[in-house]
Amino acid sequence: MAKEAADRENPDPEMTLEKYMRIRRDTIGARQLFDLGRWIYEIDVPCEVLTHPNIVKIEDLFVDLVSLANDLYSYKKEWFECDTNHNYITIAFRDPVTGLRKNDVQGAIDYTYCTFCQSLTYLENQKKVLPLYGESEDVQVAKYIEMVMDVVVGTIQWSLKCERYGHLDVAGAAKAPNWGEVTFNMDPF
């Protein structure tokens with residue numbers, strides 16, 4: 001959290017998307033929700049399975065999904081508060097690897113959305129190639145993966161249904177995020 005706060009105050013002009021996601025994986029707080037979910041649902045995945053490279057990669061992908069969704073849904077609020085320095089969208093139009101023009105907000109939103117979709121596809125492929133750990137362990141891993149996906153979906157639902165990010169009108173009905181020249185034109189998934 002201290003690193004994120006420092007980045008918000010003094011943005012690193014050399015920040016890349018890769019570096020940002022390494023930092024974001026530690027600052028978004030999703031892993032704590034995974035641990036809490038394992039405890040609540042009494043999911044007993046052995047330590048040697050949780051630390052297996054395939055499981056670690058899957059967890060990173062889940063964290064990336066939470067981070068990317070949060071950055072998409074919080075960007076409007078951060079924009080109006082002049083606090084977009086620590087957001088994937090801002091880094092996307094600064095990182096030359098994207099090929100975007102500087103300050104191409106809609107292009108960066110589209111790029112971020114595509115990255116979310118690619119991460120989701122990669123996650124589905126990673127789930128298909130998980131090794132077998134043993135019958136009881138495989139059952140626990142399946143429960144764990146389902147619970148972690150529930151965390152991803154839950155954070156997205158929270159982002160859309162709470163007032164924090166301004167996606168509701170006065171009566172509490174969902175409104176299309178649209179402001180000025182930039183339209184948050186993302187298909188629901």
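Fair warning: this is a prediction, and the values are worked out from it, not measured in the lab.
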OG-NE2 distance between S74 and H86, expressed to the nearest 0.5 angstrom: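 It is 10.0 Å, given to the nearest 0.5 Å.
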
Could you tell me the separation between the CD1 atom of I28 and the CG atom of L65, rounded to the nearest 0.5 Å?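 If I round to the nearest 0.5 Å, the distance is 11.5 Å.
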
What pair of heavy atoms forms the shortest contact from [X] to [Y], and how long is it?
X	Y	answer
D104	L100	OD2-CD2, 4.0 Å
V152	V66	CG2-CG2, 3.7 Å
T84	T90	O-OG1, 2.7 Å
A92	T112	CB-OG1, 4.5 Å
I58	L123	CG2-CD1, 3.7 Å
L68	S119	CD1-OG, 4.0 Å

What about [X] and [Y], same hydrophobic cluster or not, with Ile/Leu/Val/Met/Phe/Trp/Tyr joined at side-chain heavy-atom distances under 4.5 Å?
X	Y	value
V129	Y122	no
V45	V56	no
W39	L50	yes

Would you sort out whether E124 and K128 count as a salt bridge (charged side-chain N to carboxylate O under 4.0 Å, His left out), showing the intermediate values? CA-CA 7 Å; E124 291 302 318; K128 291 175 187 173; over 6 Å; no

Check whether the side chains of Y20 and D71 place a donor and an acceptor atom closer than 3.5 Å, and report yes or no.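 A donor-acceptor contact under 3.5 Å links the two side chains.
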
With a cut-off of 3.5 Å and sequence neighbours excluded, list every side-chain donor-acceptor pair involving residues 136-149.
from	atom 1	to	atom 2	distance (Å)
D138	OD1	Y133	N	2.8
Q140	OE1	D44	N	2.7
Y144	OH	E59	OE2	2.4

Should the pair F34 and F62 be assigned to parallel (<30°), tilted (30 to 60°) or perpendicular (>60°) ring geometry?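 Ring orientation of F34 relative to F62: perpendicular.
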
salt_bridge(K77, E81) N-O dist < 4.0 Å: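 Looking at E81 together with K77, the answer is yes, because their closest N to O distance falls below 4.0 Å.
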
Can you confirm whether more than 12 heavy atoms, excluding those of E48, are under 6.0 Å from its CD atom?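 It does: E48 CD has more than 12 such atoms within range.
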
Tell me, with the steps shown, if K57 and D60 meet salt bridge (charged side-chain N to carboxylate O under 4.0 Å, His left out). CA-CA 5 Å; K57 181 62 182 168; D60 283 349; 5.6 Å; no

